[in-house]
Student: 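Pasting a structure here, questions to come.
Counting convention: from 1, in listed order, for ligands and their atoms alike. The figures that follow rest on heavy atoms only: side chains count, while hydrogens, waters and symmetry mates do not.
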Amino acid sequence: MAIDPKFLTTAVHAGSDPEPVTGAVNTPLFFTSTYVQDEPGRPKIYDYSRAGNPTRAALEKGYAMIEGAAHGITFASGLAAEQAVIQLLEPGDEVVVCDDTYGGTGRLFRRVLGKYGIKFSFVDMTDLNKLQQSITAKTKLVWIESPTNPLMRIIDIKAASAMAHKVGAWVLVDNTFASPIFQRPLALGADLVLHSTTKYLGGHSDLIGGAVMVADDQLHEKLRFIQFAAGAVPGVMECFLLHRSLKTLALRMQQHEKNAMAVATFLEKHPKIERVFYPGLESHPQHQLAKTQMLGFSGMVSFYVRGDYAETKRVVGQLKLFLLAESLGGVESLINHPELMTHASVPPEMRKALGISPNLLRLSCGIEHAADLISDLDQALR
Ligand code: PLP
């Protein structure tokens, strides 16, 4: 599918105003923890870098623009961003979470935040009846990941948002897999969009970061206060690198998608592959939904190798271009074994029910030449 060509321009210019003193076209790295004040309690603009920093502010403005939001708030990691969102809630509140999320999200909710009186229930949201049954008067937040990690399921963001809003709950979409180039959750009815900026927004596997984008001013104020008061802010170098990466985001995403489509099509026809999960394939059970709510299918592909773990491990061991590593969204192609890597913290019975089995592999297709990626997979499968 084609991206909105406007994103090519927005990505380059978002938040990038020339620096007023020197005219530098890029916002400099303001490596400072504090700022002089003319008189007590009257800072010029900023007073302390946990509260605000110009390099971070430029990035946050850029993120708001690329996501079609009014505000962007950045954090030290994707999980720090998730924690800040949960800190909006009170003991007794309930969160309905889609069951096929990044393993670390479930771990944070089950093992860290669950003990503060907030109830998290994990639900298969591809079935909207199940979502409806899980929403109660105490539900304050519906947490969606779409496409899901690692099985690339698609959740109907518009329908889920309408259900959540009936009880006054917020809807958050973790948009890490799609990126703002391919999915616009706020336009579909969501209230908050979250990114592990470690992934596509960073794009070069060289940093850890997180961000939340919102349209509502009050929600922004609350989150901004948590960012300042709890303090999980990103460093200046990370902000600079993330802003630089934003300029090429639209270009990179087009190549990621092109490669993923080529790889998924190749794998689907391969006799050694049992099943491929990619929303861009017509065989994907929610291909039509993906086509209506996404502008492109992004660069992530999962598949079952025909065989057991030993066979799967053999395939991984033969790959030369695809690097075996956690994470995704970088310019280089990666392969991951969800059961033993990214989703090892998911309870075994839940992993089994979801289909995260020993023969499941997940690819993050980079921006290399598609033919090279396919020939690497081909020789490994042979
Ligand atoms: N959300 C998704 C979809 C992820 O894949 C990840 C990490 O892999 C996170 C959130 C957590 O982000 P981080 O690793 O930057 O803390």
Student: Judged by atom type as modelled, is there a donor-acceptor pair below 3.5 Å linking the side chain of E257 to the main-chain atoms of F297?
Tutor: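 Yes; judged by distance alone, with no hydrogens or angles, the pair exists.
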Student: Non-hydrogen atoms of E326 versus ligand 1: any pair closer than 4.0 Å?
Tutor: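 No.
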Student: Of all the atoms in ligand 1, which lie at a distance below 4.0 Å from a heavy atom belonging to G78?
Tutor: 12 (O), 13 (P), 15 (O), 16 (O)
Student: Regarding E349 and K352, does a basic nitrogen lie under 4.0 Å from an acidic carboxylate oxygen?
Tutor: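 Result for this pair is no, no salt bridge flagged.
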Student: Going by the angle between their ring planes, with limits at 30° and 60°, are H220 and H71 parallel, tilted or perpendicular?
Tutor: parallel
Student: If you count the atoms of ligand 1 from 1 in the order shown, which ones are under 4.0 Å from a heavy atom of K199?
Tutor: 4 (C), 5 (O), 6 (C), 7 (C), 8 (O), 12 (O), 14 (O)
Student: Testing the basics here: between L88 and K222, what is the closest heavy-atom pair and its distance to 0.1 Å?
Tutor: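 Scanning both residues completely, I find the closest heavy atoms to be CD2-CB, 3.5 Å.
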Student: Output yes when a side-chain donor or acceptor of N259 lies under 3.5 Å from a complementary backbone atom of E368, and no otherwise.
Tutor: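 Yes.
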Student: Which residue holds the protein heavy atom closest to atom 9 (C) of ligand 1, what is that atom called, and what is the gap in Å?
Tutor: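 The closest heavy atom on the protein side is Y102 CD2, 3.4 Å.
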Student: Does S196 use its side chain to pair, donor to acceptor, with the backbone of G78 at less than 3.5 Å?
Tutor: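 No, the answer is negative, given that no donor and acceptor are paired below the 3.5 Å cut-off.
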Student: Please check if the side chain of T136 supplies one atom and the backbone of K138 the other of a donor-acceptor pair under 3.5 Å.
Tutor: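 Such a contact is found between T136 side chain and K138 backbone.
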Student: Show me which atoms of ligand 1 lie under 4.0 Å from any heavy atom of E145.
Tutor: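 Checking each atom against E145, I get 3 (C).
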Student: Can you pull out the closest protein heavy atom to atom 12 (O) of ligand 1? Residue, atom name and distance to 0.1 Å, please.
Tutor: S196 OG, 3.0 Å
Student: State the atoms of ligand 1, each with its element, that fall below the 4.0 Å cut-off from a heavy-atom position in G209.
Tutor: 15 (O)
Student: Taking a cutoff of less than 4.0 Å between a non-hydrogen atom of the residue and any ligand atom, is H195 in contact with ligand 1?
Tutor: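 No, H195 has no heavy atoms under 4.0 Å from ligand 1.
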Student: Quick one: are the ring centres of Y278 and H284 less than 6.0 Å apart?
Tutor: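 Y278 vs H284: aromatic centres not under 6.0 Å.
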Student: Compute the minimum heavy-atom distance from S327 to ligand 1 and say whether it is under 4.0 Å.
Tutor: no
Student: If you take the nearest heavy atom of each of D174, T342, I208, which one is closest to atom 3 (C) of ligand 1?
Tutor: D174
Student: Which of the atoms in ligand 1, numbered in the order shown and given with their element, are less than 4.0 Å from a heavy-atom of E82?
Tutor: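 Going through ligand 1 atom by atom, the ones under 4.0 Å from E82 are 1 (N), 10 (C).
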Student: To the nearest 0.1 Å, how far is atom 5 (O) of ligand 1 from its closest protein heavy atom, and which atom is that?
Tutor: N149 ND2, 3.4 Å
Student: Within the 3.5 Å criterion, strictly below it, is a donor on E60 or T74 matched to an acceptor on the partner's side chain?
Tutor: yes
Student: Tell me whether L79 has any N or O atom under 3.5 angstrom from an N or O of ligand 1.
Tutor: yes
Student: Do ligand 1 and L328 have nitrogen or oxygen atoms that lie under 3.5 Å from each other?
Tutor: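 No - when backbone and side-chain N and O of L328 are compared with those of ligand 1, no distance drops under 3.5 Å.
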Student: Please give me the minimum heavy-atom distance between F75 and P234, naming the atom from each residue.
Tutor: O-CB, 3.6 Å
Student: Does the N or O separation between T105 and ligand 1 drop below 3.5 Å for any pair?
Tutor: no
